Student: 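Got a structure for you, written out below as structure tokens; questions coming shortly.
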Amino acid sequence: AQSVAQPEDQVNVAEGNPLTVKCTYSVSGNPYLFWYVQYPNRGLQFLLKYITGDNLVKGSYGFEAEFNKSQTSFHLKKPSALVSDSALYFCAVRDMSPGGSYIPTFGRGTSLIVHP
Amino acid sequence: NAGVTQTPKFQVLKTGQSMTLQCAQDMNHNSMYWYRQDPGMGLRLIYYSASEGTTDKGEVPNGYNVSRLNKREFSLRLESAAPSQTSVYFCASIRQGGNQPQHFGDGTRLSIL
């Protein structure tokens with residue numbers, strides 16, 4: 001079985017400061033990992049993904065994520081937060097090993113609030 | 001290129017009424033999904049269709065049915081709506097292949113009184 005945990009319901013950060021939104025996962029095989037962002041009254045939008053290769057993945061809007069296999073984590077980061085980054089962020093995992101579920105599993109979401 | 005289109009955007013029903021939520025994608029994607037989003041619960045999979053002609057239950061299928069009408073369209077039906085089905089419903093699609101992200105519609109906000 002696969003699972004995703006986002007341990008923080010809400011993250012507060014001041015504009016201009018670095019931000020981190022945490023995600024840990026559990027799969028039996030190789031993970032494909034994704035981050036999505038959701039703005040009010042909108043659907044989820046893809047930010048970035050880790051499939052294989054470099055552990056630091058760069059995505060849209062200046063976001064990046066660091067894959068750490070030993071800690072089974074895929075934390076979302078941005079060096080300098082903007083007020084416009086305030087939104088709901090979801091981490092998702094797909095277990096792509098033979099016999100694994102190809103269906104994505106989502107975390108519960110983390111609300112990011114960037115204060116001016 | 002509209003992506004994933006959901007109709008209606010809003011709906012209010014009375015308990016026991018039925019309705020169908022429509023979803024269409026114009027990206028020639030193979031797989032389509034229906035999720036519900038409730039506060040603090042994240043996204044929960046209701047049903048999915050891995051390819052045209054197939055449908056499978058997800059995590060919370062009770063009270064729902066689906067139809068994969070063709071490659072473009074995947075509908076979700078509530079036969080007898082209950083207040084517990086008040087939620088925001090999202091449709092998503094994906095090109096076949098595990099390394100691709102899902103594309104989401106903007107949701108249907110459903111209230112059941």
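The structure displayed is predicted, hence computed values, not measured ones. Numbers restart at 1 for each chain; the letters A, B, ... are given by sequence-line order, proteins then strands.
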Student: Does any heavy atom of chain B fall under 4.5 Å from the side chain of A/Tyr50, the backbone, both, or neither of them?
Tutor: neither
Student: Specify which of B/Gln102, B/Lys9, B/His103 makes the most heavy-atom pairs with chain A at under 4.5 Å.
Tutor: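 Top option by heavy-atom pairs under 4.5 Å: B/Gln102.
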Student: Using non-hydrogen atoms and a 4.5 Å limit, figure out which bit of A/Leu33 sits close to chain B: side chain, backbone, both or neither.
Tutor: neither
Student: Under 3.5 Å, is there a donor-acceptor pair between the B/Tyr48 and B/Tyr35 side chains?
Tutor: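 The criterion, which ignores hydrogens and geometry beyond distance, is not satisfied for B/Tyr35 and B/Tyr48.
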Student: Can a salt bridge be assigned to the pair B/Arg68 and B/Glu73 using a cut-off of 4.0 Å between side-chain N and carboxylate O?
Tutor: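 The answer is no: the pair does not qualify as a salt bridge.
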Student: Is the shortest side-chain N to carboxylate O distance from B/Asp26 to B/Arg72 below 4.0 Å?
Tutor: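 No, B/Asp26 and B/Arg72 are not salt-bridged.
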Student: Can you tell which part of B/Glu59 gets under 4.5 Å to a heavy atom of chain A, answering side chain, backbone, both or neither?
Tutor: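 For B/Glu59, no heavy atom lies under 4.5 Å from chain A.
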Student: Counting only heavy atoms not in A/Lys22, do more than 12 sit closer than 6.0 Å to its NZ atom?
Tutor: no
Student: Checking heavy atoms, do the side chain of A/Gln45, its backbone, both or neither come under 4.5 Å from chain B?
Tutor: neither
Student: Is it possible for you to say whether A/Leu88 and A/Phe63 belong to one hydrophobic cluster, with membership spreading through side-chain heavy-atom contacts below 4.5 Å?
Tutor: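 No, A/Leu88 does not connect to A/Phe63 through the hydrophobic network.
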Student: May I ask you to name which of B/Ala92, B/Gly42, B/Ala50, B/Cys91 has the most heavy-atom pairs under 4.5 Å with chain A?
Tutor: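 Winner by heavy-atom pair count: B/Gly42.
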Student: Taking a hydrophobic cluster as the set of Ile, Leu, Val, Met, Phe, Trp and Tyr residues connected by side-chain heavy atoms closer than 4.5 Å, whether directly or through intermediates, do A/Leu48 and A/Phe67 fall within one such cluster?
Tutor: yes
Student: With a 4.5 angstrom heavy-atom cut-off, could you sort out which part of B/Arg109 is near chain A: side chain, backbone, both or neither?
Tutor: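 Just its side chain gets close to chain A.
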